[in-house]
Protein chains: 2
Amino acid sequence: MSWRKEQRRAERGYHHGNLKEALLQAALGLIAEKGAAGFTFADAARMAGVSAAAPYRHFRDRDELLSSIAQRGFEQFEQRLTAAWDDGRPDTVTAFERVGKAYLAFAREEPAFYNAMFESGVPVDANPALQAASERAFNIIRAAAERLAALTPPGTARPPAMMMALHIWSMAHGVASLFSRGDAARRKLPMSPDELLEAEVLIYLRGLGFPTDRRPVGKGAEPPPVPPEAPSGSGVPPGGTPSGPWGKPK
Amino acid sequence: MSWRKEQRRAERGYHHGNLKEALLQAALGLIAEKGAAGFTFADAARMAGVSAAAPYRHFRDRDELLSSIAQRGFEQFEQRLTAAWDDGRPDTVTAFERVGKAYLAFAREEPAFYNAMFESGVPVDANPALQAASERAFNIIRAAAERLAALTPPGTARPPAMMMALHIWSMAHGVASLFSRGDAARRKLPMSPDELLEAEVLIYLRGLGFPTDRRPVGKGAEPPPVPPEAPSGSGVPPGGTPSGPWGKPK
DNA sequence: GGCTCATGTAAAGATCGTTCACATGAGCTG
DNA sequence: CAGCTCATGTGAACGATCTTTACATGAGCC
């Protein structure tokens, strides 16, 4: 009966017109603010200007709304990873690292999605569409790993691509959850999460025999262009390089 | 007024005697069952056989109970990591990997603690004791990394120990959150989380120049004893070893 | 114009978190 | 042992949330 309510209703009529979408947006905002735990179904309804019971016409319950958001998150995630991977251009290793950065960027820039996807307690298999979306996203990493695995320098054992993909995913997720978002970011670090992950991945790749000693960590000069995909002779890093992927040793 | 209630009270008298501890235990059980999000203050009270208001005599609010549990979790975590590290015996690399396994074992065997520590939304700096406990636990990993860094084979750049520690932590945490617990464990994997992490760490260490090609992944025969801490000449793995830390290539 | 069904509302029940005034009894003081 | 005190537990109550149920509205279609 409040004036505002009548006002709203006058604007949009008895029927909202696009409540489902409005609820998703509202929830997204609330999760970004207060985390998936603090988000409340009633609040989302209020924010959309409808009664507390209305959302039940569009979502079975609060959890279904949450898993819808998680699903949407995985879809956007997939898009960003795909763009970052850019089919391996200009060279596989560079593109691979770009994927890692995109992972962190997503966690940082879309905290609400990331939260719903990985930290809200929504099980991956809550709903088939969610699971499918999650798998599609992971498949980007997997495809990238496959391309990378195919490049193992001669004389080096070829690692299973699936394993590589899982490794990379765990690194990115570990760095993101521990250091790259909200509260967790308060842990004091000697370097940025991006640098941390980049060094981690480079060391890992070197452990697999890939030549990765082409640039220091700083974002200064562009690395000298590498002949794309031509494994430069012996894959093993030249014995005893004095500097690692983490920059100059002091 | 119920018979049960009178019964309980007759057994223990008006005062509970050890309510704080009982609440912590009850909460632990509930979190293990339904996750930190699903755990309710009222439930814990009920489980301890006490009115819903009683817990407020021991905890300012629900969040304080949660962060108490997180703190306790970090303390137990520290103990287990310390035991696993065993001051670097019998050799640093072996002990280091044992720490990784202990990390996963803790996540698997103490889901309630792990949940409260890392997934409950309790910020690390919620309370100074919690933060301190968290740092003490991390310091075990850090100390181990320091010992490891000191062993870098001659001719190899020495990585910052802090960075190594953060890398290892992120790997362990990433594998644990994504693959090693409850709902998340439903993702289908080609290998166990333990093996996954072990391979990841070994490849990483190899990337840093450590010789790590001493055993396949299977848990069969004990690895041949390695002369403790005698960096065997050139640290770089003998060029072109045909099998990696992940086992035989097929 | 009238029907129908998706969509929204109001009201109500169950549960929680939290607070407040009050009850109990364990332990100290004399 | 009497009496005091204070930590600890109780019950009742408030406001908020989630969810269901019966009812209202109106958009689209015949």
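Hydrogens, waters and symmetry mates play no part in the numbers below; they use all other heavy atoms, side chains included. Residue numbers start from 1 in every chain, and the chains themselves are labelled A, B, ... in the order their sequence lines are given, proteins ahead of strands.
One interatomic measurement links the two molecules: CG of A:L65 to P of D:dC18, which rounds to 11 Å at whole-angstrom precision. Distance CZ (B:R46) to P (D:dT10): 13 Å, rounded to an integer number of Å. The distance from atom CZ of B:F39 to atom P of C:dC16 is 11 Å, rounded to the nearest whole Å. In this entry the distance linking CG of A:L23 with C1' of C:dT7 reads 12 Å, nearest Å. One interatomic measurement links the two molecules: CZ of A:F59 to P of C:dG8, which rounds to 11 Å at whole-angstrom precision. Look at CE on B:M47: it is 15 Å from P on C:dT15, rounded to the nearest Å. At whole-Å resolution of the value, CG in B:L66 and C1' in C:dC16 are 15 Å apart.
Residues B:E75 and B:Q71 bring a donor and an acceptor atom of their side chains to less than 3.5 Å of each other. Counted by atom type alone, A:E119 and A:S177 present zero donor-acceptor pairs between their side chains at under 3.5 Å.
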Could you run down the sub-3.5 Å N/O contacts of the protein with nucleotides 2-4 of chain D?
none

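Each of B:L197, B:D194, B:L189, B:L104 was checked for a side chain to side chain contact (heavy atoms under 4.5 Å, CB included) with B:F179, and the lone residue meeting it is B:L189. In summary, of the residues considered (B:E198, B:E109, B:E195), a salt bridge (charged side-chain N to carboxylate O under 4.0 Å, His left out) with B:K101 occurs for B:E198 alone.
Across all non-hydrogen atoms, the minimal contact from A:S170 to B:L178 is CA-CD1, 4.0 Å. For the pair A:M117 and A:A70, the tightest heavy-atom approach, listed with the atom from each and the gap, is CG-O, 3.6 Å. Between B:S134 and B:V124, the shortest heavy-atom distance links the atoms OG-CG1, 3.8 Å.
A:E135 has no carboxylate O lying under 4.0 Å from a charged side-chain N of A:R142, or vice versa, which leaves the two without a salt bridge. For the pair B:E110 and B:R72, the salt-bridge criterion is not met [side-chain N within less than 4.0 Å of a carboxylate O].
Here the two rings, on A:F74 and A:F113, have centers that are 6.0 Å apart or farther. Taking the six-membered ring wherever Trp is involved, the centroid distance between the rings of A:F77 and A:Y103 falls below 6.0 Å. B:Y204 and A:Y204 have their aromatic ring centers separated by at least 6.0 angstrom.
Close to D:dA7, at under 4.0 Å from its OP1 or OP2, lies no side-chain N or O of B:H58. Between B:T40 and C:dG17 there is a side-chain polar atom (N or O) within less than 4.0 angstrom of OP1 or OP2.
Non-hydrogen atoms lying under 4.0 Å from DNA chain D are contributed by nothing in residues 27-35 of chain B.
Ranked by how close their nearest DNA chain D nucleotide is to the 5' end, B:G17 and A:A42 are led by B:G17.
For A:H16, whose side chain is taken as the heavy atoms from C-beta onward, the closest listed nucleotide among D:dG9, C:dG8, D:dT17 is C:dG8.
Within 4.0 Å of B:A54, counting heavy atoms only, lies at least one base atom of the nucleic acid.
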For nucleotides 18-23 of chain C, just jot down a letter per nucleotide in 5' to 3' order: B, S or -, based on protein non-hydrogen atoms under 4.0 Å.
BBBBBB
